[in-house]
Visitor: 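Could you have a look at this structure, given as structure tokens, before my questions?
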Number of protein chains: 2
Amino acid sequence: MDGQVKSLLKKHSLRLTQGRKDVLSIFLHRNIAISHSDIESDIDGKYDRVTIYRTLKSFLEKGLIHKVLDDSGATRYALCNDNCSEAEHQHNHIHFKCQSCDETTCLDHVNIPSVTLPDGFQMAESNFLITGTCAKCA
Amino acid sequence: MDGQVKSLLKKHSLRLTQGRKDVLSIFLHRNIAISHSDIESDIDGKYDRVTIYRTLKSFLEKGLIHKVLDDSGATRYALCNDNCSEAEHQHNHIHFKCQSCDETTCLDHVNIPSVTLPDGFQMAESNFLITGTCAKCA
DNA sequence: GTAACTGCAAAATATTTGCATCCTT
DNA sequence: AAGGATGCAAATATTTTGCAGTTAC
């Protein structure tokens, strides 16, 4: 796991600092979309709130994580898949938010269906969020 | 238009106050998803910031408007269609956010395709946001 | 008349910026 | 050594809450 953390950071041209390793570990351990405050409570004061904001921003810019839309207003993030880089994101999976346990998961095996847009509209990215009850809470 | 405003408010069991009429008018005039700050700049101090928050909350609870997902963190709202009520929301259209003009529109004629969820997952609502270039900006 | 709505003040939460210091490369 | 990362302070933005006064029904 530690080797994975290092190689992921290196792969995305990010310096190997303890803070980044710890934050990335959280993403790897919890396979759900997490927010700034999730991380803050996980590390429990080990790093400054501002540092976490900047860490997330760096990860975002380098294509290590992506934003997960949420209907509650909270900003959440999830690990990108291997195909993502600073240059281009390649996400085609649906996000599912459970109304019961409040967890947002990436449905990696459910692809976003293609849609036909009206004349003149050009798609760049798409985000699909489904709300409901997850398998654990059903 | 004024009659439409009144009947819409009545239909959703909302008292006819000037503030609500004005806010609802903004939604009717601008057929795009708007945020709290959009409204605030539109009314230009006529009502308190807090009142607008509470107005939006009331509209939301009574099924007059719905939240529109946004990738920038801003919370936006759009008018519900006729089928929505306090009890149930019935949205099946895709939202399109233009990266150029920053406007979010409801693509009323593009339905959200149905997807098959993994075993145990149950869908309640779905939100589909496509980012790209709109017809005006292409 | 009464419950709901509004404005003002203030608190709580979320996010960003500047700067000095420290650490990775 | 140099540029990037961090911590602290503080500014800004966003949203919520309490309370007193006002208004719609």
Side-chain angles (χ1 to χ4, degrees), chain A residues 2-3 5-26 33-65 67-77 86 102, chain B residues 2-3 5-26 33-65 67-77 86 102:
Chain A
D2 193 50
V5 167
K6 284 186 191 171
S7 69
L8 267 174
L9 288 174
K10 276 193 180 174
K11 185 179 166 189
H12 292 87
S13 328
L14 289 159
R15 288 194 174 182
L16 304 177
T17 67
Q18 196 55 49
R20 288 176 175 178
K21 285 190 250 178
D22 288 355
V23 172
L24 183 48
S25 287
I26 296 174
I34 56 181
S35 65
H36 174 274
S37 69
D38 290 334
I39 296 171
E40 211 182 339
S41 46
D42 254 37
I43 62 155
D44 195 29
K46 188 169 173 194
Y47 304 103
D48 194 89
R49 190 183 293 105
V50 176
T51 299
I52 300 172
Y53 275 115
R54 289 196 268 231
T55 301
L56 288 171
K57 185 176 279 185
S58 304
F59 283 9
L60 209 54
E61 284 167 356
K62 301 292 179 163
L64 190 52
I65 60 175
K67 270 196 188 182
V68 176
L69 298 191
D70 192 284
D71 54 358
S72 76
T75 310
R76 290 171 197 258
Y77 306 87
E86 184 169 5
D102 205 48
Chain B
D2 193 49
V5 167
K6 284 187 190 170
S7 70
L8 266 175
L9 288 174
K10 276 192 180 174
K11 184 179 167 189
H12 292 88
S13 329
L14 288 159
R15 287 194 177 182
L16 304 177
T17 66
Q18 196 55 49
R20 288 177 175 179
K21 285 192 252 179
D22 288 354
V23 172
L24 183 48
S25 287
I26 296 175
I34 56 181
S35 65
H36 175 275
S37 68
D38 290 334
I39 296 172
E40 211 183 338
S41 46
D42 254 38
I43 61 155
D44 196 29
K46 188 169 174 193
Y47 303 102
D48 193 89
R49 191 182 292 107
V50 177
T51 300
I52 300 171
Y53 275 112
R54 289 196 267 230
T55 302
L56 288 171
K57 185 177 279 187
S58 304
F59 284 9
L60 209 52
E61 284 167 357
K62 301 291 180 167
L64 189 53
I65 60 176
K67 274 196 186 181
V68 175
L69 297 190
D70 192 284
D71 54 358
S72 77
T75 310
R76 289 171 196 259
Y77 306 87
E86 185 169 6
D102 205 49

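Just so it is clear, the structure is predicted and the values come from calculations on it, not from any experiment.
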Visitor: Once you round it to whole Å, what is the distance between C1' of dC8(C) and CD1 of Ile52(B)?
Guide: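 Going from CD1 in Ile52(B) over to C1' in dC8(C) covers 14 Å.
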Visitor: Could you tell me the separation between the CG atom of Leu60(A) and the C1' atom of dT16(C), rounded to a whole number of Å?
Guide: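 Spelled out: CG on Leu60(A) to C1' on dT16(C) is 15 Å.
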Visitor: Does any non-hydrogen side-chain atom of Leu64(B) lie less than 4.5 Å from one of Tyr77(B)?
Guide: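 In short, these two side chains do not touch, never coming nearer than 4.5 Å.
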Visitor: What is the per-nucleotide protein-contact pattern of nucleotides 10-18 of chain D, from the 5' end, where B denotes a base atom under 4.0 Å from a protein heavy atom, S denotes such proximity for sugar-phosphate atoms only, and - denotes neither?
Guide: ----SBBBB
Visitor: Taking side-chain hydrogen bond (donor to acceptor under 3.5 Å, both in side chains) as the definition, give me every residue that meets it alongside Arg49(B), ordered by chain and number, with sequence neighbours left out.
Guide: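 side-chain hydrogen bond (donor to acceptor under 3.5 Å, both in side chains) list for Arg49(B), sorted by chain: Glu40(B).
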Visitor: Output yes when Asp71(A) and Lys67(B) qualify as a salt bridge under the 4.0 Å nitrogen-oxygen rule, no when they do not.
Guide: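 Answer for the salt bridge query: no.
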Visitor: Which residues satisfy the side-chain hydrogen bond (donor to acceptor under 3.5 Å, both in side chains) test with Arg54(B), sequence neighbours excluded?
Guide: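 Residues passing side-chain hydrogen bond (donor to acceptor under 3.5 Å, both in side chains) with Arg54(B): none at all.
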Visitor: Without decimals, in angstroms, what is the distance between Asp22(B) CG and dC5(C) C1'?
Guide: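 Going from CG in Asp22(B) over to C1' in dC5(C) covers 14 Å.
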Visitor: Calculate the interatomic distance between Asp48(B) atom CG and dA20(D) atom C1'; express it in whole Å.
Guide: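 Rounding to the nearest Å, CG of Asp48(B) and C1' of dA20(D) are 14 Å apart.
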Visitor: With sequence neighbours left out, what residues match Lys21(B) under side-chain hydrogen bond (donor to acceptor under 3.5 Å, both in side chains)?
Guide: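 For Lys21(B), no residue satisfies side-chain hydrogen bond (donor to acceptor under 3.5 Å, both in side chains) once neighbours in sequence are set aside.
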Visitor: Output a table of nitrogen or oxygen pairs between the protein and nucleotides 21-25 of chain D separated by less than 3.5 Å.
Guide:
residue, atom, partner, partner atom, Å
dA24(D), N3, Arg15(B), NH1, 3.4
dC25(D), OP1, Leu16(B), N, 3.1

Visitor: Going by the rule side-chain hydrogen bond (donor to acceptor under 3.5 Å, both in side chains), which residues pair with Lys10(B) if we only count those two or more places apart in sequence or in a different chain?
Guide: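 Scan of Lys10(B) (side-chain hydrogen bond (donor to acceptor under 3.5 Å, both in side chains), adjacent residues dropped) gives none.
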Visitor: Could you tell me the separation between the OH atom of Tyr47(B) and the C1' atom of dC5(C), rounded to a whole number of Å?
Guide: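 Atom-to-atom, Tyr47(B) to dC5(C), this comes out as 12 Å.
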Visitor: Do the charged groups of Lys46(A) and Asp22(A) touch, with an N to O distance under 4.0 Å?
Guide: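 Yes, Lys46(A) and Asp22(A) are salt-bridged.
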Visitor: Are any of the side-chain heavy atoms of Ile26(A) and Ile43(A) separated by less than 4.5 Å?
Guide: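 A side-chain contact exists here, since the closest heavy-atom pair is under 4.5 Å.
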